[in-house]
Amino acid sequence: MNAVERAPRVLVADDQTLIRTGFRLILTTRGIEVVGEAADGAEAVAAARELRPDVVLMDIRMPNMDGLEAARLILQQAPECRVLMLTTFDLDRYVYEALALGASGFLLKDVTPEHLAAAVRLVNTGDALLAPSITRRLVERFAGGEHGRSAGGEHGRSARGEHGRSADGNDECRSTEPAPPHRDLAALTPRELEVLTLLGRGLSNAELAAELTLSEATVKSHVARIFAKLALRDRAQAVVLAYETGLVSPGA
């Protein structure tokens, strides 16, 4: 059985015991192995290093080390690992930062059991979990402009402080804003720019093929070359990049 066909090995990271237990039950009863649990980001990084899971379900807001920092460290030490962020709100600036950082998508915590299992299996194949309408609203809200990088910039640091606490002393998710790799769009051919623009609008490979009058195999080749040239992990990062570079404008 190859890596695509076998059931993914999953690490669940959430500071709420009931959520960890519930997700474990949902996944194991659907043939997906949960190899470990973590109650905070630091535990998640250590567990990922030891257990080498295929997929990490990562809560964004956790004590000691938040989910963003934990995701950054896990993806740094194991680039082949896929991280799905768990959040209560779909329009969450930290979800946006996680997608830019390399997370393969996000799930709301009230996700149905069927959707949870399907999402884990999907990202394990190397694809990204993108609900086009929600993802577009998320990226449009936080890419560029006053709401974009300011979440991790001077305004964000002054509001939250050095250790992820807000001005009133409450714990908040600390912005990490990793330095992005150099991505020179000039390296792309005109056709690849066209494909990236449509990716940014949330089109699937089948939709891209229909729009451009190409075969799906040709579209997949274009997408693979774009990812290689721009050091993108998956479609989630491609969507973020398309907005941040102005290839796609909010509302387009």
Handout entry: Qualifying residues under side-chain contact (heavy atoms from CB on, under 4.5 Å), relative to Thr17, sequence neighbours excluded
Key = Arg20, Thr21
Practice task
Under the side-chain contact (heavy atoms from CB on, under 4.5 Å) rule, collect the residues that match up with Ala48, sequence neighbours excluded.
Solution key: Leu11, Pro53, Ile74, Gln77
Handout entry: Leu84/Val56 under side-chain contact (heavy atoms from CB on, under 4.5 Å): CA gap, chis, key distance, verdict
Key = CA-CA 6 Å; Leu84 273 175; Val56 179; over 6 Å; no
Completion exercise
With sequence neighbours left out, the residues meeting side-chain contact (heavy atoms from CB on, under 4.5 Å) with Ser215 are Ala217, Thr218
Handout entry: Glu244 side, atom CD; Gln237 side, atom CD - distance, nearest 0.5 Å
Key = 10.0 Å
Fill in the blank from the handout: Distance col, row Arg9:CZ vs Leu27:CG, nearest 0.5 angstrom, shows 13.5 Å
Exercise for the section: Let me see the working for Val239 and Leu199 under side-chain contact (heavy atoms from CB on, under 4.5 Å), right down to the final yes or no. Expected result: CA-CA 6 Å; Val239 171; Leu199 279 176; 5.7 Å; no
Handout entry: For Glu211, side chain to side chain donor-acceptor pair (under 3.5 Å) partners two or more places apart
Key = none
Exercise for the section: Output every pair passing salt bridge (Lys or Arg N to Asp or Glu O under 4.0 Å) with a member in residues 38-53, not counting sequence neighbours, ordered by first then second residue. Expected result: Arg52-Glu80
Handout entry: Closest contact, heavy atoms only, Asp66 versus Leu68
Key = OD1-N, 2.9 Å
Handout entry: salt bridge (Lys or Arg N to Asp or Glu O under 4.0 Å) contacts touching residues 98-118 (sequence neighbours left out)
Key = Asp14-Lys109, Arg30-Glu114, Asp59-Lys109
Fill in the blank from the handout: From the list Ile19, Val34, Val12, side chain to side chain contact (heavy atoms under 4.5 Å, CB included) partner of Leu57 resolves to Val12
Fill in the blank from the handout: In this structure, CG of Leu108 is separated from NE2 of His115 (nearest 0.5 Å) by 8.5 Å
Fill in the blank from the handout: Heavy-atom nearest pair, Tyr243 first then Gly200, reads CE1-O, 3.4 Å
Practice task
Calculate, to the nearest 0.5 Å, the distance between atoms CZ and NE2 belonging to Phe227 and His222 respectively.
Solution key: 13.5 Å
Exercise for the section: Rounded to the nearest 0.5 Å, what's the gap from CG on Leu212 to CG on Leu198? Could you check? Expected result: 5.5 Å
Problem - Trace of the side-chain contact (heavy atoms from CB on, under 4.5 Å) decision for Leu188 with Leu230 - result: CA-CA 9 Å; Leu188 301 183; Leu230 302 181; 3.9 Å; yes
Completion exercise
Scanning both residues in full, the closest heavy-atom pair of Met58 with Ala70 reads CE-CB, 3.7 Å
Fill in the blank from the handout: Residue set satisfying salt bridge (charged side-chain N to carboxylate O under 4.0 Å, His left out) with Glu194, at least two apart, ordered chain then number -> Arg191
Exercise for the section: Say whether, by atom type as modelled, one donor and one acceptor occur between the side chain of Glu192 and the main chain of Ile226 under 3.5 angstrom. Expected result: no
Fill in the blank from the handout: side chain to side chain donor-acceptor pair (under 3.5 Å) filter on Ser204, not counting sequence neighbours, yields Glu207
Completion exercise
With sequence neighbours left out, the residues meeting side chain to side chain donor-acceptor pair (under 3.5 Å) with Thr197 are none
Practice task
Using a 4.5 Å cut-off on heavy atoms from C-beta on, say whether the side chain of Pro8 contacts that of Ile32.
Solution key: yes
Handout entry: Side-chain (Arg82) to main-chain (Val55) donor-acceptor, under 3.5 angstrom
Key = no
Completion exercise
Interatomic distance, CD1@Ile60 vs OG1@Thr87, rounded to 0.5 Å, equals 4.5 Å
Handout entry: Minimal non-hydrogen separation, Thr29 against Ile26, with atom names
Key = OG1-O, 3.0 Å
Practice task
Name all residues meeting the side chain to side chain donor-acceptor pair (under 3.5 Å) criterion together with Asn205; count only those two or more places apart in sequence or in a different chain, and write none if there are none.
Solution key: Arg235
Fill in the blank from the handout: Closest non-hydrogen contact found for Ala98 with Met85 is CB-CG, 3.5 Å
Practice task
Determine the minimum heavy-atom distance between Leu196 and Ala242, stating which atoms define it.
Solution key: O-CB, 4.0 Å
Exercise for the section: Could you check Leu86 against Val111 for side-chain contact (heavy atoms from CB on, under 4.5 Å), going step by step and ending with a plain yes or no? Expected result: CA-CA 10 Å; Leu86 301 172; Val111 62; 6.0 Å; no
